[in-house]
Trainee: 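One structure coming up, written as structure tokens, with questions to follow.
Every heavy atom of this structure was used, including side-chain atoms; hydrogens, water molecules and symmetry mates were not.
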Amino acid sequence: MADKPIIDVRVQAGPFDAAGEAKRLAALADVGAVVTFTGICRSDGGRLKGLELEHYPGMAEEEIARVAGEAARRWPIAGAVAIHRHGVIAAGDDIVLVVTASAHRAAAFAAAEFLMDWLKTRAPFWKREIFADGSAGDWVEARAADDHAADRWHLDKAAE
């Protein structure tokens, strides 16, 4: 396994290639497991046409990279990719991608879940619903369930 894991963080408007990103990490030395998570914009039973996502450029990437680095310190991963889209995302389109690679599946699964839980609660993104009729809703509040999911990892406050 590489001495230093590959950490690749991107915030972009356009779509991403989940299979290509997984294949890229699978090619790293001594990788025996690749875990891929893709978050998809829900239509909420046809109620939503999509979501509008905004972020602080630079700050969002920095925060995601910090959390990915924390994942690399906690588990022996060879690499991690985190891609988050911004702008208007149509229902059914991909929003976020997390890929982790390790010699063994347990580390790859744990690192991916940790990264996704913290990305969901710490990365500075704001989202607004776009209803099926095209009108915009209010900005969506953070969900307590997401905070509880992140809390179970006990992120070191000193690392913040």
Trainee: Quick check: closest heavy atoms across Ala101 and Leu25, and the distance to 0.1 Å?
Mentor: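 Smallest interatomic distance, heavy atoms only, reads CB-CB, 3.8 Å.
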Trainee: Could you state the interatomic distance from CE (Met116) to OG1 (Thr121), rounded to the nearest 0.5 Å?
Mentor: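 One finds 9.5 Å between CE of Met116 and OG1 of Thr121.
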Trainee: Assess whether salt bridge (Lys or Arg N to Asp or Glu O under 4.0 Å) is satisfied between Arg74 and Glu70, documenting all intermediate values.
Mentor: CA-CA 6 Å; Arg74 289 177 177 224; Glu70 178 66 22; 2.9 Å; yes
Trainee: Lys127 and Glu54: salt bridge (Lys or Arg N to Asp or Glu O under 4.0 Å), yes or no, with the steps?
Mentor: CA-CA 6 Å; Lys127 64 182 176 184; Glu54 290 190 5; over 6 Å; no
Trainee: Would you give the length of the straight line joining atom CG of Asp8 to atom CG of Leu97, rounded to the nearest 0.5 angstrom?
Mentor: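 One finds 10.0 Å between CG of Asp8 and CG of Leu97.
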Trainee: How close do Lys49 and Gly134 get, heavy atom to heavy atom, and via which atoms?
Mentor: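 Heavy atoms only, the tightest pair is CD-CA, 4.4 Å.
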Trainee: Donor-acceptor pairs are to be reported for all side-chain atoms of residues 33-42 against protein atoms at under 3.5 Å, with residues two or more places apart or in another chain.
Mentor:
none

Trainee: Would you say Ile64 and Arg122 make side-chain contact, with heavy atoms under 4.5 Å?
Mentor: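 No, too far: nothing below the 4.5 Å cut-off.
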Trainee: Would a single hydrophobic cluster contain both Ile7 and Trp75, if residues Ile, Leu, Val, Met, Phe, Trp and Tyr are joined by side-chain heavy-atom contacts under 4.5 Å?
Mentor: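 Linked within one cluster.
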Trainee: Which heavy atom of Ala132 sits nearest a heavy atom of Gly46, and at what distance?
Mentor: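 Where Ala132 meets Gly46 most closely, the heavy atoms are CB-O, 3.4 Å.
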Trainee: Does the separation of the ring centres of Phe125 and His84 fall below 6.0 angstrom?
Mentor: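 Centroid distance Phe125-His84: below 6.0 Å, so yes.
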Trainee: Ignoring hydrogens, what is the shortest heavy-atom contact between Ala78 and Val31? Give both atom names and the distance.
Mentor: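 Closest approach of Ala78 to Val31: CB-CG2, 3.7 Å.
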Trainee: Only counting residues at least two apart or in another chain, list the ones meeting salt bridge (charged side-chain N to carboxylate O under 4.0 Å, His left out) with Arg105.
Mentor: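 In terms of salt bridge (charged side-chain N to carboxylate O under 4.0 Å, His left out), with neighbours along the sequence ignored, Arg105 is linked to no residue.
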Trainee: Determine whether Ile6 and Phe16 fall in the same hydrophobic cluster, where Ile, Leu, Val, Met, Phe, Trp and Tyr are linked whenever their side-chain heavy atoms lie under 4.5 Å apart.
Mentor: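 Yes, same cluster.
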Trainee: To check you understand the geometry: which heavy-atom pair defines the closest contact between Leu53 and Arg85, and what is its length?
Mentor: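 Reported closest heavy-atom pair: CB-O, 4.1 Å.
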Trainee: Begin from the C-alpha positions of Met59 and Glu61 and carry the test side-chain contact (heavy atoms from CB on, under 4.5 Å) through to its verdict.
Mentor: CA-CA 5 Å; Met59 183 185 289; Glu61 292 90 337; over 6 Å; no
Trainee: Can you hop from Leu28 to Ile83 via hydrophobic side chains spaced under 4.5 Å?
Mentor: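 Linked within one cluster.
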Trainee: Could you walk me through whether Val96 and Leu119 satisfy the side-chain contact (heavy atoms from CB on, under 4.5 Å) test, starting with their C-alpha distance in whole Å, then the side-chain angles of each, then the deciding distance to 0.1 Å, before giving a yes or no?
Mentor: CA-CA 9 Å; Val96 64; Leu119 189 154; 4.0 Å; yes
Trainee: Which pair of non-hydrogen atoms, one from Ala107 and one from Pro76, has the smallest distance, and what is that distance?
Mentor: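 The pair with the smallest heavy-atom distance is CB-CD, 3.8 Å.
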Trainee: Using the side-chain contact (heavy atoms from CB on, under 4.5 Å) rule, take Arg128 and Leu51 through it: C-alpha gap first, then chi angles, then the decisive distance, then the call.
Mentor: CA-CA 6 Å; Arg128 177 174 18 204; Leu51 293 172; over 6 Å; no
Trainee: Closer than 3.5 angstrom, by distance alone: can the side chain of Thr100 be matched with the main-chain N or O of Ala80 as a donor-acceptor pair?
Mentor: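 Answer holds: no.
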Trainee: Walk me through it: do Glu129 and Glu52 pass the test side-chain contact (heavy atoms from CB on, under 4.5 Å)?
Mentor: CA-CA 6 Å; Glu129 295 174 322; Glu52 177 184 357; over 6 Å; no
Trainee: Check this for me: Gln12, atom CD, are more than 12 non-hydrogen atoms of other residues, nucleotides or ligands nearer than 6.0 Å?
Mentor: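 Counting other residues, nucleotides and ligands, CD of Gln12 exceeds 12 neighbours.
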Trainee: Is there a donor-acceptor contact under 3.5 Å from the side chain of Asp17 to the main chain of Gly20?
Mentor: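 Yes, because the side chain of Asp17 sits within donor-acceptor range (under 3.5 Å) of the backbone of Gly20.
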Trainee: Are Val11 and Val98 linked, directly or through intermediate hydrophobic residues, by side-chain heavy-atom contacts shorter than 4.5 Å (ILVMFWY only)?
Mentor: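 Yes; Val11 is reachable from Val98 via cluster members.
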Trainee: Over 60° means perpendicular and under 30° means parallel, so classify the ring planes of Tyr56 and Trp126, tilted if in between.
Mentor: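 Judged by the thresholds at 30° and 60°, the geometry between Trp126 and Tyr56 is perpendicular.
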